[in-house]
2 protein chains.
Amino acid sequence: MTDNDRLTEEKIFEAATEVFVDKGMDGARMQDIAIQAGINKSLLHYYFRTKDHLFNAVFEMTCRKLLRKFAPVFDENLSLEEKIRFFFREHITFLQENPKLPAFIMNEINRNPDRIKKLIKNIDIEKKWLELFEQHRAELEKYNITKESLPQVIISFAAISVFPFAAKGILEVFLEKTGTGFNRFIEERKSFAADFMIQAITHNTDTGK
Amino acid sequence: MTDNDRLTEEKIFEAATEVFVDKGMDGARMQDIAIQAGINKSLLHYYFRTKDHLFNAVFEMTCRKLLRKFAPVFDENLSLEEKIRFFFREHITFLQENPKLPAFIMNEINRNPDRIKKLIKNIDIEKKWLELFEQHRAELEKYNITKESLPQVIISFAAISVFPFAAKGILEVFLEKTGTGFNRFIEERKSFAADFMIQAITHNTDTGK
DNA sequence: TGTATTTTTGACCGTATGGTTAAACCATAT
DNA sequence: ATATGGTTTAACCATACGGTCAAAAATACA
(Lines give C-alpha, C1' and ligand atoms only; values in the text may rest on other atoms or scores of the structure.)
Protein backbone atom coordinates (compact mmCIF):
# COMPACT_ATOMS: atom_id res chain seq x y z
CA MET A 1 0.00 0.00 0.00
CA THR A 2 2.44 2.57 1.19
CA ASP A 3 4.74 0.66 -1.09
CA ASN A 4 2.51 1.08 -4.10
CA ASP A 5 1.84 4.58 -2.85
CA ARG A 6 5.48 5.58 -3.02
CA LEU A 7 5.72 3.91 -6.40
CA THR A 8 2.99 6.01 -7.99
CA GLU A 9 4.33 9.14 -6.37
CA GLU A 10 7.74 8.44 -7.84
CA LYS A 11 6.23 7.60 -11.19
CA ILE A 12 4.44 10.94 -11.17
CA PHE A 13 7.54 12.77 -10.02
CA GLU A 14 9.68 11.32 -12.76
CA ALA A 15 7.10 11.98 -15.44
CA ALA A 16 6.64 15.53 -14.19
CA THR A 17 10.38 16.12 -14.18
CA GLU A 18 10.66 14.94 -17.76
CA VAL A 19 7.79 17.09 -19.00
CA PHE A 20 8.70 20.19 -17.00
CA VAL A 21 12.35 20.10 -18.01
CA ASP A 22 11.30 19.66 -21.60
CA LYS A 23 8.50 22.21 -21.85
CA GLY A 24 9.02 24.51 -18.90
CA MET A 25 6.44 25.44 -16.29
CA ASP A 26 4.24 27.39 -18.71
CA GLY A 27 4.51 24.94 -21.58
CA ALA A 28 3.87 21.81 -19.53
CA ARG A 29 0.35 20.37 -19.41
CA MET A 30 -0.96 18.39 -16.45
CA GLN A 31 -2.63 16.05 -18.93
CA ASP A 32 0.71 15.33 -20.60
CA ILE A 33 2.32 14.57 -17.28
CA ALA A 34 -0.51 12.18 -16.43
CA ILE A 35 -0.17 10.37 -19.75
CA GLN A 36 3.60 10.21 -19.35
CA ALA A 37 3.13 8.64 -15.92
CA GLY A 38 0.44 6.30 -17.24
CA ILE A 39 -2.23 7.46 -14.80
CA ASN A 40 -5.28 9.62 -14.50
CA LYS A 41 -4.95 13.37 -14.33
CA SER A 42 -6.83 13.50 -11.02
CA LEU A 43 -4.11 11.44 -9.38
CA LEU A 44 -1.66 14.28 -9.92
CA HIS A 45 -3.89 16.49 -7.83
CA TYR A 46 -4.29 13.75 -5.27
CA TYR A 47 -0.54 13.47 -4.66
CA PHE A 48 0.56 17.04 -5.38
CA ARG A 49 -2.33 19.41 -4.89
CA THR A 50 -1.70 21.87 -7.68
CA LYS A 51 0.50 22.33 -10.70
CA ASP A 52 2.50 24.82 -8.67
CA HIS A 53 3.12 22.33 -5.88
CA LEU A 54 4.22 19.69 -8.35
CA PHE A 55 6.47 22.09 -10.18
CA ASN A 56 8.09 23.37 -7.02
CA ALA A 57 8.85 19.84 -5.88
CA VAL A 58 10.42 19.00 -9.24
CA PHE A 59 12.31 22.26 -9.48
CA GLU A 60 13.76 22.04 -6.01
CA MET A 61 14.97 18.49 -6.53
CA THR A 62 16.48 19.35 -9.89
CA CYS A 63 18.37 22.33 -8.48
CA ARG A 64 19.75 20.26 -5.64
CA LYS A 65 20.88 17.62 -8.11
CA LEU A 66 22.86 20.17 -10.08
CA LEU A 67 24.25 22.14 -7.16
CA ARG A 68 25.41 18.96 -5.48
CA LYS A 69 27.76 18.40 -8.40
CA PHE A 70 29.70 21.49 -7.37
CA ALA A 71 30.37 20.20 -3.86
CA PRO A 72 33.54 18.17 -4.51
CA VAL A 73 35.31 21.33 -5.62
CA PHE A 74 35.01 22.62 -2.09
CA ASP A 75 35.46 19.36 -0.23
CA GLU A 76 37.96 17.10 -1.98
CA ASN A 77 41.53 17.26 -0.83
CA LEU A 78 43.26 17.99 -4.12
CA SER A 79 45.65 20.54 -5.49
CA LEU A 80 44.12 23.48 -7.32
CA GLU A 81 45.07 22.11 -10.70
CA GLU A 82 43.75 18.67 -9.86
CA LYS A 83 40.51 20.24 -8.70
CA ILE A 84 40.13 22.10 -11.95
CA ARG A 85 40.60 18.97 -14.03
CA PHE A 86 38.32 17.06 -11.69
CA PHE A 87 35.65 19.73 -11.90
CA PHE A 88 35.45 19.91 -15.68
CA ARG A 89 35.59 16.15 -16.14
CA GLU A 90 32.87 15.42 -13.61
CA HIS A 91 30.68 18.41 -14.24
CA ILE A 92 30.61 18.16 -18.00
CA THR A 93 30.03 14.42 -17.82
CA PHE A 94 27.06 15.08 -15.58
CA LEU A 95 25.68 17.63 -18.01
CA GLN A 96 26.19 15.20 -20.88
CA GLU A 97 23.70 12.96 -19.12
CA ASN A 98 21.35 15.84 -18.28
CA PRO A 99 21.86 18.28 -21.12
CA LYS A 100 18.60 20.13 -20.64
CA LEU A 101 19.04 20.98 -16.97
CA PRO A 102 20.98 24.24 -17.34
CA ALA A 103 18.51 25.84 -19.73
CA PHE A 104 15.59 24.66 -17.64
CA ILE A 105 16.92 25.96 -14.35
CA MET A 106 18.17 29.26 -15.73
CA ASN A 107 14.93 29.93 -17.52
CA GLU A 108 12.68 29.21 -14.58
CA ILE A 109 14.85 31.25 -12.25
CA ASN A 110 14.78 34.24 -14.53
CA ARG A 111 11.04 33.81 -14.92
CA ASN A 112 10.51 33.73 -11.17
CA PRO A 113 13.62 34.81 -9.25
CA ASP A 114 12.05 34.47 -5.82
CA ARG A 115 11.95 30.74 -6.16
CA ILE A 116 15.71 30.32 -6.07
CA LYS A 117 16.18 32.78 -3.25
CA LYS A 118 14.42 30.46 -0.83
CA LEU A 119 16.51 27.56 -2.07
CA ILE A 120 19.91 29.18 -1.85
CA LYS A 121 19.23 31.20 1.29
CA ASN A 122 20.52 28.35 3.44
CA ILE A 123 23.80 27.90 1.60
CA ASP A 124 26.48 30.12 3.07
CA ILE A 125 28.32 30.72 -0.15
CA GLU A 126 30.47 33.47 1.31
CA LYS A 127 31.84 30.99 3.84
CA LYS A 128 32.41 28.29 1.20
CA TRP A 129 34.31 30.67 -1.02
CA LEU A 130 36.45 31.84 1.85
CA GLU A 131 37.22 28.24 2.77
CA LEU A 132 38.20 27.56 -0.80
CA PHE A 133 40.33 30.66 -0.78
CA GLU A 134 42.13 29.65 2.41
CA GLN A 135 42.66 26.08 1.15
CA HIS A 136 44.53 27.33 -1.87
CA ARG A 137 45.73 30.67 -0.56
CA ALA A 138 49.33 30.08 -1.60
CA GLU A 139 48.52 29.08 -5.16
CA LEU A 140 45.87 31.76 -5.61
CA GLU A 141 48.11 34.52 -4.33
CA LYS A 142 50.83 33.37 -6.65
CA TYR A 143 48.35 33.73 -9.52
CA ASN A 144 47.22 37.11 -8.27
CA ILE A 145 43.68 36.00 -7.58
CA THR A 146 42.27 38.00 -4.71
CA LYS A 147 39.18 37.52 -2.57
CA GLU A 148 37.61 40.26 -4.66
CA SER A 149 38.30 38.68 -8.02
CA LEU A 150 37.42 35.17 -6.88
CA PRO A 151 33.76 35.51 -7.93
CA GLN A 152 34.86 36.57 -11.41
CA VAL A 153 37.06 33.50 -11.64
CA ILE A 154 34.56 31.00 -10.27
CA ILE A 155 31.71 32.28 -12.40
CA SER A 156 33.99 32.04 -15.41
CA PHE A 157 34.55 28.38 -14.62
CA ALA A 158 30.84 27.78 -14.40
CA ALA A 159 30.35 29.64 -17.66
CA ILE A 160 32.88 27.56 -19.57
CA SER A 161 31.23 24.36 -18.42
CA VAL A 162 27.54 25.26 -18.45
CA PHE A 163 27.17 27.62 -21.37
CA PRO A 164 27.56 25.08 -24.17
CA PHE A 165 24.59 23.16 -22.79
CA ALA A 166 22.48 26.23 -22.13
CA ALA A 167 23.09 27.32 -25.71
CA LYS A 168 22.96 23.81 -27.13
CA GLY A 169 20.25 24.63 -29.66
CA ILE A 170 22.40 27.33 -31.26
CA LEU A 171 25.73 25.59 -31.01
CA GLU A 172 24.43 22.44 -32.65
CA VAL A 173 23.71 24.40 -35.79
CA PHE A 174 27.05 26.17 -35.79
CA LEU A 175 29.07 23.08 -34.98
CA GLU A 176 27.32 20.97 -37.56
CA LYS A 177 28.54 23.44 -40.16
CA THR A 178 32.15 23.18 -39.04
CA GLY A 179 32.13 19.41 -39.31
CA THR A 180 32.34 18.77 -35.58
CA GLY A 181 29.17 17.44 -34.01
CA PHE A 182 27.93 18.73 -30.68
CA ASN A 183 28.77 15.47 -28.90
CA ARG A 184 32.36 15.44 -30.07
CA PHE A 185 32.70 19.10 -29.15
CA ILE A 186 31.57 18.33 -25.61
CA GLU A 187 33.79 15.30 -25.33
CA GLU A 188 36.81 17.38 -26.31
CA ARG A 189 35.73 20.19 -24.04
CA LYS A 190 36.38 18.21 -20.88
CA SER A 191 40.14 18.46 -21.31
CA PHE A 192 40.20 21.64 -23.38
CA ALA A 193 38.36 23.59 -20.72
CA ALA A 194 40.72 22.41 -17.99
CA ASP A 195 43.86 23.25 -19.99
CA PHE A 196 42.42 26.57 -21.07
CA MET A 197 41.41 27.73 -17.63
CA ILE A 198 44.59 26.56 -15.96
CA GLN A 199 46.50 28.66 -18.47
CA ALA A 200 44.20 31.58 -17.80
CA ILE A 201 44.99 31.71 -14.12
CA THR A 202 48.53 30.37 -13.85
CA HIS A 203 50.00 33.17 -15.92
CA ASN A 204 47.82 35.83 -14.44
CA THR A 205 50.62 37.54 -12.49
CA ASP A 206 50.99 40.75 -14.43
CA THR A 207 47.40 41.91 -14.20
CA GLY A 208 47.33 44.67 -11.64
CA LYS A 209 43.99 45.55 -10.07
CA MET B 1 -2.63 56.66 -42.59
CA THR B 2 0.40 54.71 -43.52
CA ASP B 3 2.07 56.97 -41.02
CA ASN B 4 -0.30 56.16 -38.20
CA ASP B 5 -0.30 52.64 -39.55
CA ARG B 6 3.41 52.23 -39.03
CA LEU B 7 3.07 53.80 -35.63
CA THR B 8 0.57 51.27 -34.32
CA GLU B 9 2.47 48.42 -35.87
CA GLU B 10 5.62 49.57 -34.14
CA LYS B 11 3.77 50.11 -30.90
CA ILE B 12 2.52 46.55 -31.10
CA PHE B 13 5.92 45.22 -32.00
CA GLU B 14 7.63 46.93 -29.11
CA ALA B 15 4.97 45.85 -26.64
CA ALA B 16 5.16 42.30 -27.93
CA THR B 17 8.93 42.28 -27.65
CA GLU B 18 8.76 43.42 -24.07
CA VAL B 19 6.17 40.85 -23.06
CA PHE B 20 7.67 37.95 -25.01
CA VAL B 21 11.19 38.58 -23.71
CA ASP B 22 9.82 38.79 -20.22
CA LYS B 23 7.42 35.85 -20.20
CA GLY B 24 8.51 33.70 -23.11
CA MET B 25 6.29 32.43 -25.90
CA ASP B 26 4.25 30.12 -23.66
CA GLY B 27 3.92 32.53 -20.78
CA ALA B 28 2.96 35.57 -22.86
CA ARG B 29 -0.73 36.45 -23.27
CA MET B 30 -2.09 38.26 -26.29
CA GLN B 31 -4.29 40.28 -23.95
CA ASP B 32 -1.23 41.48 -22.01
CA ILE B 33 0.50 42.54 -25.19
CA ALA B 34 -2.58 44.48 -26.26
CA ILE B 35 -2.78 46.27 -22.91
CA GLN B 36 0.93 47.00 -23.00
CA ALA B 37 0.49 48.53 -26.46
CA GLY B 38 -2.61 50.42 -25.35
CA ILE B 39 -4.86 48.90 -27.97
CA ASN B 40 -7.53 46.32 -28.58
CA LYS B 41 -6.63 42.66 -28.73
CA SER B 42 -8.19 42.30 -32.15
CA LEU B 43 -5.71 44.76 -33.57
CA LEU B 44 -2.90 42.33 -32.84
CA HIS B 45 -4.57 39.87 -35.15
CA TYR B 46 -5.20 42.56 -37.70
CA TYR B 47 -1.51 43.41 -38.03
CA PHE B 48 0.06 40.04 -37.21
CA ARG B 49 -2.38 37.27 -37.93
CA THR B 50 -1.61 34.89 -35.11
CA LYS B 51 0.40 34.71 -31.92
CA ASP B 52 2.91 32.56 -33.79
CA HIS B 53 3.34 35.17 -36.51
CA LEU B 54 3.84 37.92 -33.97
CA PHE B 55 6.29 35.85 -31.98
CA ASN B 56 8.31 34.87 -35.00
CA ALA B 57 8.62 38.49 -36.07
CA VAL B 58 9.78 39.51 -32.61
CA PHE B 59 12.12 36.57 -32.23
CA GLU B 60 13.79 37.05 -35.58
CA MET B 61 14.40 40.74 -34.98
CA THR B 62 15.77 40.05 -31.51
CA CYS B 63 18.18 37.43 -32.78
CA ARG B 64 19.46 39.71 -35.50
CA LYS B 65 19.97 42.46 -32.94
CA LEU B 66 22.17 40.20 -30.83
CA LEU B 67 24.06 38.51 -33.64
CA ARG B 68 24.81 41.85 -35.22
CA LYS B 69 26.84 42.70 -32.14
CA PHE B 70 29.29 39.95 -33.01
CA ALA B 71 30.01 41.35 -36.46
CA PRO B 72 32.80 43.82 -35.57
CA VAL B 73 34.91 40.94 -34.33
CA PHE B 74 35.06 39.66 -37.85
CA ASP B 75 35.18 42.94 -39.71
CA GLU B 76 37.15 45.55 -37.78
CA ASN B 77 40.78 45.94 -38.65
CA LEU B 78 42.33 45.47 -35.23
CA SER B 79 44.97 43.29 -33.67
CA LEU B 80 43.77 40.16 -31.94
CA GLU B 81 44.25 41.62 -28.49
CA GLU B 82 42.48 44.82 -29.46
CA LYS B 83 39.61 42.78 -30.84
CA ILE B 84 39.29 40.86 -27.62
CA ARG B 85 39.11 44.02 -25.52
CA PHE B 86 36.74 45.56 -28.04
CA PHE B 87 34.51 42.51 -28.00
CA PHE B 88 34.05 42.29 -24.25
CA ARG B 89 33.59 46.00 -23.81
CA GLU B 90 30.99 46.34 -26.55
CA HIS B 91 29.24 43.05 -26.06
CA ILE B 92 28.86 43.26 -22.31
CA THR B 93 27.73 46.87 -22.57
CA PHE B 94 25.06 45.80 -25.03
CA LEU B 95 23.92 43.04 -22.70
CA GLN B 96 23.82 45.49 -19.81
CA GLU B 97 21.16 47.35 -21.76
CA ASN B 98 19.35 44.14 -22.76
CA PRO B 99 20.02 41.78 -19.87
CA LYS B 100 17.13 39.45 -20.61
CA LEU B 101 17.98 38.73 -24.23
CA PRO B 102 20.36 35.79 -23.70
CA ALA B 103 17.99 33.81 -21.52
CA PHE B 104 15.08 34.56 -23.85
CA ILE B 105 16.86 33.51 -27.01
CA MET B 106 18.48 30.42 -25.54
CA ASN B 107 15.24 29.26 -24.02
CA GLU B 108 13.14 29.67 -27.13
CA ILE B 109 15.76 28.01 -29.28
CA ASN B 110 15.97 25.02 -27.00
CA ARG B 111 12.20 24.88 -26.92
CA ASN B 112 11.95 24.94 -30.70
CA PRO B 113 15.33 24.32 -32.36
CA ASP B 114 14.00 24.48 -35.90
CA ARG B 115 13.31 28.17 -35.57
CA ILE B 116 16.98 29.10 -35.36
CA LYS B 117 18.00 26.78 -38.14
CA LYS B 118 16.09 28.84 -40.67
CA LEU B 119 17.65 32.02 -39.28
CA ILE B 120 21.26 30.89 -39.25
CA LYS B 121 21.11 28.84 -42.42
CA ASN B 122 22.11 31.86 -44.46
CA ILE B 123 25.14 32.77 -42.38
CA ASP B 124 28.21 30.97 -43.64
CA ILE B 125 29.85 30.64 -40.27
CA GLU B 126 32.51 28.26 -41.56
CA LYS B 127 33.68 30.94 -43.96
CA LYS B 128 33.62 33.68 -41.32
CA TRP B 129 35.67 31.62 -38.94
CA LEU B 130 38.18 30.79 -41.63
CA GLU B 131 38.47 34.48 -42.49
CA LEU B 132 39.05 35.28 -38.86
CA PHE B 133 41.63 32.54 -38.70
CA GLU B 134 43.49 33.83 -41.73
CA GLN B 135 43.38 37.42 -40.47
CA HIS B 136 45.20 36.45 -37.29
CA ARG B 137 46.99 33.35 -38.49
CA ALA B 138 50.37 34.45 -37.19
CA GLU B 139 49.15 35.29 -33.71
CA LEU B 140 46.90 32.26 -33.45
CA GLU B 141 49.62 29.87 -34.55
CA LYS B 142 51.95 31.39 -32.01
CA TYR B 143 49.34 30.65 -29.36
CA ASN B 144 48.84 27.12 -30.67
CA ILE B 145 45.23 27.69 -31.63
CA THR B 146 44.37 25.53 -34.62
CA LYS B 147 41.43 25.54 -36.97
CA GLU B 148 40.16 22.58 -35.00
CA SER B 149 40.34 24.23 -31.60
CA LEU B 150 39.00 27.58 -32.82
CA PRO B 151 35.36 26.66 -32.05
CA GLN B 152 36.34 25.75 -28.48
CA VAL B 153 38.03 29.13 -28.11
CA ILE B 154 35.29 31.24 -29.67
CA ILE B 155 32.52 29.51 -27.74
CA SER B 156 34.50 30.07 -24.57
CA PHE B 157 34.55 33.78 -25.33
CA ALA B 158 30.81 33.82 -25.84
CA ALA B 159 30.37 31.87 -22.62
CA ILE B 160 32.40 34.30 -20.53
CA SER B 161 30.38 37.23 -21.82
CA VAL B 162 26.87 35.78 -22.07
CA PHE B 163 26.64 33.36 -19.18
CA PRO B 164 26.43 35.92 -16.36
CA PHE B 165 23.33 37.37 -17.99
CA ALA B 166 21.76 34.03 -18.79
CA ALA B 167 22.25 33.01 -15.18
CA LYS B 168 21.49 36.45 -13.79
CA GLY B 169 18.75 35.21 -11.48
CA ILE B 170 21.13 32.88 -9.69
CA LEU B 171 24.18 35.10 -9.69
CA GLU B 172 22.29 38.01 -8.19
CA VAL B 173 21.63 35.96 -5.08
CA PHE B 174 25.20 34.71 -4.81
CA LEU B 175 26.79 38.07 -5.49
CA GLU B 176 24.54 39.88 -3.06
CA LYS B 177 25.92 37.61 -0.36
CA THR B 178 29.53 38.41 -1.21
CA GLY B 179 28.92 42.13 -0.98
CA THR B 180 29.32 42.79 -4.68
CA GLY B 181 26.12 43.65 -6.48
CA PHE B 182 25.34 42.23 -9.90
CA ASN B 183 25.80 45.58 -11.61
CA ARG B 184 29.25 46.14 -10.17
CA PHE B 185 30.19 42.58 -11.04
CA ILE B 186 29.25 43.20 -14.66
CA GLU B 187 31.00 46.54 -14.79
CA GLU B 188 34.20 44.92 -13.57
CA ARG B 189 33.74 42.01 -15.90
CA LYS B 190 34.34 44.09 -19.02
CA SER B 191 38.03 44.38 -18.28
CA PHE B 192 38.42 41.25 -16.21
CA ALA B 193 37.11 39.06 -19.01
CA ALA B 194 39.46 40.59 -21.56
CA ASP B 195 42.52 40.23 -19.32
CA PHE B 196 41.53 36.74 -18.33
CA MET B 197 40.97 35.45 -21.83
CA ILE B 198 44.05 37.10 -23.26
CA GLN B 199 46.07 35.32 -20.60
CA ALA B 200 44.31 32.08 -21.43
CA ILE B 201 45.38 32.11 -25.06
CA THR B 202 48.67 33.98 -25.08
CA HIS B 203 50.40 31.44 -22.91
CA ASN B 204 48.74 28.50 -24.51
CA THR B 205 51.90 27.22 -26.22
CA ASP B 206 52.56 24.03 -24.28
CA THR B 207 49.22 22.37 -24.84
CA GLY B 208 49.74 19.57 -27.31
CA LYS B 209 46.73 18.18 -29.10
C1' DT C 1 -20.43 66.75 -48.99
C1' DG C 2 -21.04 61.95 -49.78
C1' DT C 3 -18.96 57.51 -50.66
C1' DA C 4 -15.37 54.00 -50.50
C1' DT C 5 -11.53 52.16 -47.81
C1' DT C 6 -8.95 51.24 -44.00
C1' DT C 7 -8.32 51.02 -39.02
C1' DT C 8 -10.17 50.05 -34.48
C1' DT C 9 -13.36 48.20 -31.32
C1' DG C 10 -16.53 45.22 -28.44
C1' DA C 11 -18.98 41.21 -28.33
C1' DC C 12 -18.66 36.63 -29.13
C1' DC C 13 -16.97 31.48 -30.05
C1' DG C 14 -14.76 27.05 -29.39
C1' DT C 15 -11.54 24.84 -27.08
C1' DA C 16 -7.86 23.73 -23.79
C1' DT C 17 -6.68 23.72 -19.23
C1' DG C 18 -6.25 23.44 -14.14
C1' DG C 19 -8.94 21.84 -10.83
C1' DT C 20 -13.13 19.41 -8.27
C1' DT C 21 -16.23 15.77 -6.97
C1' DA C 22 -18.56 11.69 -6.32
C1' DA C 23 -18.40 7.20 -7.21
C1' DA C 24 -15.73 2.88 -8.11
C1' DC C 25 -11.97 0.04 -6.78
C1' DC C 26 -9.11 -2.54 -3.80
C1' DA C 27 -6.44 -4.16 0.07
C1' DT C 28 -6.70 -5.15 4.81
C1' DA C 29 -8.67 -6.09 9.43
C1' DT C 30 -12.44 -7.86 12.03
C1' DA D 1 -18.56 -11.57 4.20
C1' DT D 2 -18.27 -7.07 5.12
C1' DA D 3 -16.94 -2.70 6.99
C1' DT D 4 -13.08 0.60 6.68
C1' DG D 5 -9.62 3.25 4.74
C1' DG D 6 -6.83 4.77 1.34
C1' DT D 7 -6.26 4.89 -3.94
C1' DT D 8 -7.84 5.57 -8.71
C1' DT D 9 -11.04 6.86 -12.13
C1' DA D 10 -14.54 9.25 -15.18
C1' DA D 11 -17.39 12.99 -15.59
C1' DC D 12 -17.79 17.53 -14.85
C1' DC D 13 -16.88 22.76 -13.93
C1' DA D 14 -15.21 27.47 -14.46
C1' DT D 15 -12.20 30.08 -16.57
C1' DA D 16 -8.65 31.72 -19.61
C1' DC D 17 -7.14 31.97 -23.95
C1' DG D 18 -6.40 32.48 -29.05
C1' DG D 19 -8.99 33.78 -32.55
C1' DT D 20 -13.26 35.61 -35.42
C1' DC D 21 -16.75 38.88 -36.98
C1' DA D 22 -19.69 42.50 -37.78
C1' DA D 23 -20.25 47.06 -36.83
C1' DA D 24 -18.33 51.60 -35.64
C1' DA D 25 -14.82 55.15 -36.23
C1' DA D 26 -11.54 57.35 -38.80
C1' DT D 27 -9.48 58.49 -43.04
C1' DA D 28 -8.99 59.12 -48.03
C1' DC D 29 -10.96 60.22 -52.19
C1' DA D 30 -14.56 62.25 -55.62
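Proteins get letters first, then strands, A, B, ... in listed order; numbering begins at 1 in each. As a basis for the values below, the full set of heavy atoms in this structure was taken, side chains included, without hydrogen atoms, waters or symmetry mates.
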Output yes when at least one side-chain N/O atom of B:Thr50 is less than 4.0 Å from OP1 or OP2 of D:dG18, else no.
no

Main-chain N/O of A:Arg49 paired to A:His45 side chain as donor or acceptor, under 3.5 Å:
yes

B:Arg137 and B:Glu134 ion-paired at < 4.0 Å:
yes

Distance below 4.0 Å between A:Arg49 side-chain N/O and C:dG19 OP1 or OP2
no

Atom CE of B:Met25 to atom C1' of D:dG18: distance rounded to whole Å?
10 Å

Has B:Tyr47 got a side-chain N or O lying under 4.0 Å from the OP1 or OP2 atom of C:dT8?
yes

With the threshold set at 4.0 Å, does a side-chain nitrogen-carboxylate oxygen contact exist between A:Lys11 and A:Glu14?
no

For B:Phe48 and C:dT7, what is the distance between atoms CZ and C1' respectively, to the nearest whole Å?
15 Å

A:His91, A:Lys190, A:Arg189 screened by side-chain hydrogen bond (donor to acceptor under 3.5 Å, both in side chains) with A:Gln96, the one that passes:
A:Lys190

Under 3.5 Å, which donor-acceptor pairs do the side chains of residues 102-110 of chain A form with other protein atoms, sequence neighbours left out?
{"residue": "A:Asn107", "atom": "OD1", "partner": "A:Arg111", "partner atom": "NH2", "Å": "3.1"}
{"residue": "A:Asn107", "atom": "OD1", "partner": "B:Asn107", "partner atom": "ND2", "Å": "3.3"}
{"residue": "A:Asn107", "atom": "ND2", "partner": "B:Asn107", "partner atom": "OD1", "Å": "3.3"}
{"residue": "A:Glu108", "atom": "OE2", "partner": "A:Met25", "partner atom": "N", "Å": "2.9"}
{"residue": "A:Asn110", "atom": "OD1", "partner": "B:Gly169", "partner atom": "N", "Å": "3.2"}
{"residue": "A:Asn110", "atom": "ND2", "partner": "A:Met106", "partner atom": "O", "Å": "3.2"}
{"residue": "A:Asn110", "atom": "ND2", "partner": "B:Ala166", "partner atom": "O", "Å": "2.8"}

Can you measure A:His45 atom NE2 to C:dT20 atom P for me and round it to whole angstrom units?
7 Å

Can you list, in residue-number order, the parts of residues 31-44 of chain B that come under 4.0 Å of DNA chain D, counting heavy atoms only?
B:Lys41, B:Ser42

Per-pair distances, 0.1 Å, donor-acceptor, side chain in residues 58-69 of chain A, under 3.5 Å, sequence neighbours excluded:
{"residue": "A:Glu60", "atom": "OE2", "partner": "A:Arg64", "partner atom": "NH2", "Å": "2.8"}
{"residue": "A:Thr62", "atom": "OG1", "partner": "A:Val58", "partner atom": "O", "Å": "2.7"}

Nearest-Å distance for atom pair CZ/P, residues B:Arg29 and D:dA16:
11 Å

